[in-house]
Every structure is written in C-alpha cells, then in structure tokens.
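Per chain, numbering begins at 1; letters A, B, ... match sequence-line order. The shown structure was predicted, so the numbers you read here are calculated from the model rather than taken from an experiment.
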Amino acid sequence: MSIEYVVVSEGEHDEPIELPAEEDGSLLLSTVAAQFAGASGLKFRAGGRLRGLRLADERVLPPADGWAAHRYFCAFPRAAERAPRPRCSDLIVLGLPWKTGEDAVRDYFAAFGELLMVQVKRDAKTGLSKGFGFVKFAEYEAQLRALGRRHMIDGRWCDVRIPNSKDGGSAADRKVFVGRCTESLSADDLREYFGAFGQVTDVFVPRPFRAFSFVTFLDPEVAQSLCGQDHIIKGVSVNISTASPKRERARSALLGWGVLDAPRVFSWPPDAWAHAAPPDAKPYLKYE
DNA sequence: GTTGAGCGTT
C-alpha cells in the first residue's frame, strides 16, 4: 500500500509541496499547518471559481473527484480573527537629511498607507531641521510595513522606530549582540549574512571601531534562535548573544556586586552568570 | 578592544 500525496501551496501561485494523506484518505490539518503555519483549511480552483474543502475532526476531506484532480492552496483565518490589531503609535524617523521637510516626508511615507501625522523637528531659533521627525499611520499594517525596513529619503538611509520615550525598549527581544567582530565586517556584510535567517530591520556597527555589532530582526524568534551560537562570517568567527539594554546591564552589575540592594522580587536574566564579576572586582560606574 | 546615536517647544 502506498501513501497518497496531496499537492499544496501556501497561496495559489506559490511553489507547491507534497503532503502525505492518511490511510482513510483525509489530510490532517496538522500536516498542513506543519508546513504552512496558521493555515486553517484548504481550497482549490474549479472552473474558475474557488471551492473550499470540508473540515471534520481536524481532518481535511478530499473533494468528490479525489485529491489528484486538483492542486490546493491554504485558507487562513481572516486577519481580524487572528488577533485584534494593536493601535498605531507615533513612529520616529531618524537620520533625515537637513534639507528634508514635512512635505517630502509625507510624500515618501504616503506610499505605505494613509498618514495621520507628519512632523519634522526643528531648532526653535534657527528653524533648521534636527534631522529627525515623527509620523503616524492610520492602519497598523502600514506601520508594520514601514517598521520592517530602511528608508531612502532625499538620498539618505533613514530608520523608522517606535520612540523610546513611549513604550521604550520594545525591540529588545528582536535584537542580538554580535561579539568578536573585526573591522573587516561591514554593516552590509552583517545585513547580508543575517538576512538569510530572517528579515533584518537594523544593523548597528559602532564607529570608531569596536569589536561588536547589533543586528535586529523583524521576528523575535529568529533573534532568539541565534543566541549562544558562533558563526563564521567572511572568515571571522563571531559570537551571538542576547542584546540587553545598557541600563539593565549596569543595574545587574551593581546588584551583583552588592552596591545596590536587590528588590524583594528579582529574577536574574538567563545569562546573568556571564556578567557576574569575580569576587575581587572593583565596582565600575559609568555615568551617562 | 564582546553591549548601541540621534527621541517629540506645543
């Protein structure tokens, strides 16, 4: 007896993959979801019309004329059912050219979705741009599109972020620390290398040179999955670990050395041991 | 040489 395979793709025009049917001729929804996360069913096109397949007891049932007669693609829950969409926040736009004003910023970001607000921050006296501004979108999807990439505005690369004065540090779990970098590794090298693991939204390489960098991914799971690993990039063995905010690290160090009292409830970060000082270490304070 | 730039007159 041989296994029957069902030809399924994510969207109608995506590359198909063969999924094994069960002995009773049904296809387990879990088999579909294992390849296409979030899929809730299957559909196919018959005579130009879309047709959905029956679902019974977490199993997709074959059409009347059998699996082999069609190729299938996934049905997903409506966006509104997956989760209530978070509200849009103001977004900070960093790195604007000095000459760029509201009109150019509005023209640029209008391509991502309807804008509710555009500001370029200026010096009160001179009226000159401070090189950053704020935008707010009407739709959360537009905000996601704008956050997921860099932006070339009037000839300069600009970054769009959630401002840290509101809801600060939301990028922490999407960011990794890349240690043991050499000067030969450029931001573009890192972007290209890590782009193979998932969409990279930011790369920070300190200048002047220091032997580390930060890489931020769109997907926190991608970032977390890389932590603890060593990777060889252009012949350089780098070490990847969690990126923790400067404030947190300073505080952890002070607590660890007994300079500060620990609060009654305090949980060490998973890598706290790695930052612990030897018993004879002198406290080192760096003031901002 | 293993922890980051810049963050909002109203």
Practice problem: Kindly give the heavy-atom pair with the smallest separation between His231(A) and Phe197(A), and that separation in Å. | Solution: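 Answer, listing the atom of His231(A) first, then Phe197(A): CE1-CZ, 3.5 Å.
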Quiz item: Where is the tightest heavy-atom contact between Glu12(A) and Arg71(A), given as atom of each residue plus distance?
Solution: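 Shortest heavy-atom contact: O-NH2, 3.7 Å.
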Quiz item: Which of residues 111-139 of chain A sit near DNA chain B, with a heavy atom under 4.0 Å from it?
Solution: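 Output list: Met117(A), Gln119(A), Lys121(A), Lys130(A), Phe132(A), Phe134(A).
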Nearest-Å distance, [atom1] ([X]) to [atom2] ([N])?
X         : N       : atom1 : atom2 : answer
Asp230(A) : dT2(B)  : CG    : P     : 14 Å
Leu94(A)  : dG4(B)  : CG    : P     : 18 Å
Ile153(A) : dG6(B)  : CD1   : C1'   : 15 Å
Leu226(A) : dT2(B)  : CG    : P     : 21 Å
Glu183(A) : dT2(B)  : CD    : C1'   : 15 Å
Phe209(A) : dT2(B)  : CZ    : C1'   : 10 Å
Leu190(A) : dT2(B)  : CG    : P     : 16 Å
Glu102(A) : dT10(B) : CD    : C1'   : 14 Å

Quiz prompt | Closest to the Phe177(A) side chain, choosing from dG4(B), dG8(B), dT2(B) | solution =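 Comparing dG4(B), dG8(B), dT2(B) against the side chain of Phe177(A), the answer is dT2(B).
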Quiz item: Out of dC7(B), dG6(B), dT2(B), which has the shortest distance to the side chain of Arg156(A)?
Solution: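 Out of dC7(B), dG6(B), dT2(B), the nucleotide with an atom closest to Arg156(A)'s side chain is dG6(B).
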Quiz item: Salt bridge check: are Lys234(A) and Glu192(A) linked by an N-O gap of less than 4.0 Å?
Solution: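 Judged by the 4.0 Å cut-off on N to carboxylate O distance, Lys234(A) and Glu192(A) do not form a salt bridge.
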Quiz item: What about Arg180(A): does its side chain form a donor-acceptor pair under 3.5 Å with the base of dG1(B)?
Solution: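 Looking at the base of dG1(B), it does not pair with any donor or acceptor on the side chain of Arg180(A) (distance under 3.5 Å).
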Quiz item: Taking the side chain as C-beta and beyond, is there a heavy-atom pair between Glu10(A) and Phe76(A) under 4.5 Å?
Solution: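 Touching, per the 4.5 Å side-chain cut-off.
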Practice problem: Would you mind reporting whether Leu53(A) and Phe44(A) have side-chain heavy atoms less than 4.5 Å apart? | Solution: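 Yes, at least one pair of side-chain atoms sits under 4.5 Å.
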Quiz item: Taking only N and O in the side chain of Arg210(A), is any of them less than 4.0 Å away from OP1 or OP2 of dG4(B)?
Solution: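 Answer yes for this pair, as a side-chain N or O of Arg210(A) is under 4.0 Å from OP1 or OP2.
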Quiz item: Can we call the ring centroids of Tyr72(A) and Trp67(A) under 6.0 Å apart?
Solution: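 Yes, they do, as the ring centres are separated by less than 6.0 Å.
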Practice problem: Can you sort out the partners of His151(A) under ring-ring contact (aromatic ring centres under 6.0 Å, His included), two or more places apart, ordered by chain and number? | Solution: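 For His151(A) the ring-ring contact (aromatic ring centres under 6.0 Å, His included) partners, ignoring immediate neighbours, are Tyr108(A), Phe109(A), Phe112(A).
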Quiz item: Is the base of dG4(B) syn or anti, if syn means a glycosidic angle within 90° of 0?
Solution: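 Classified syn.
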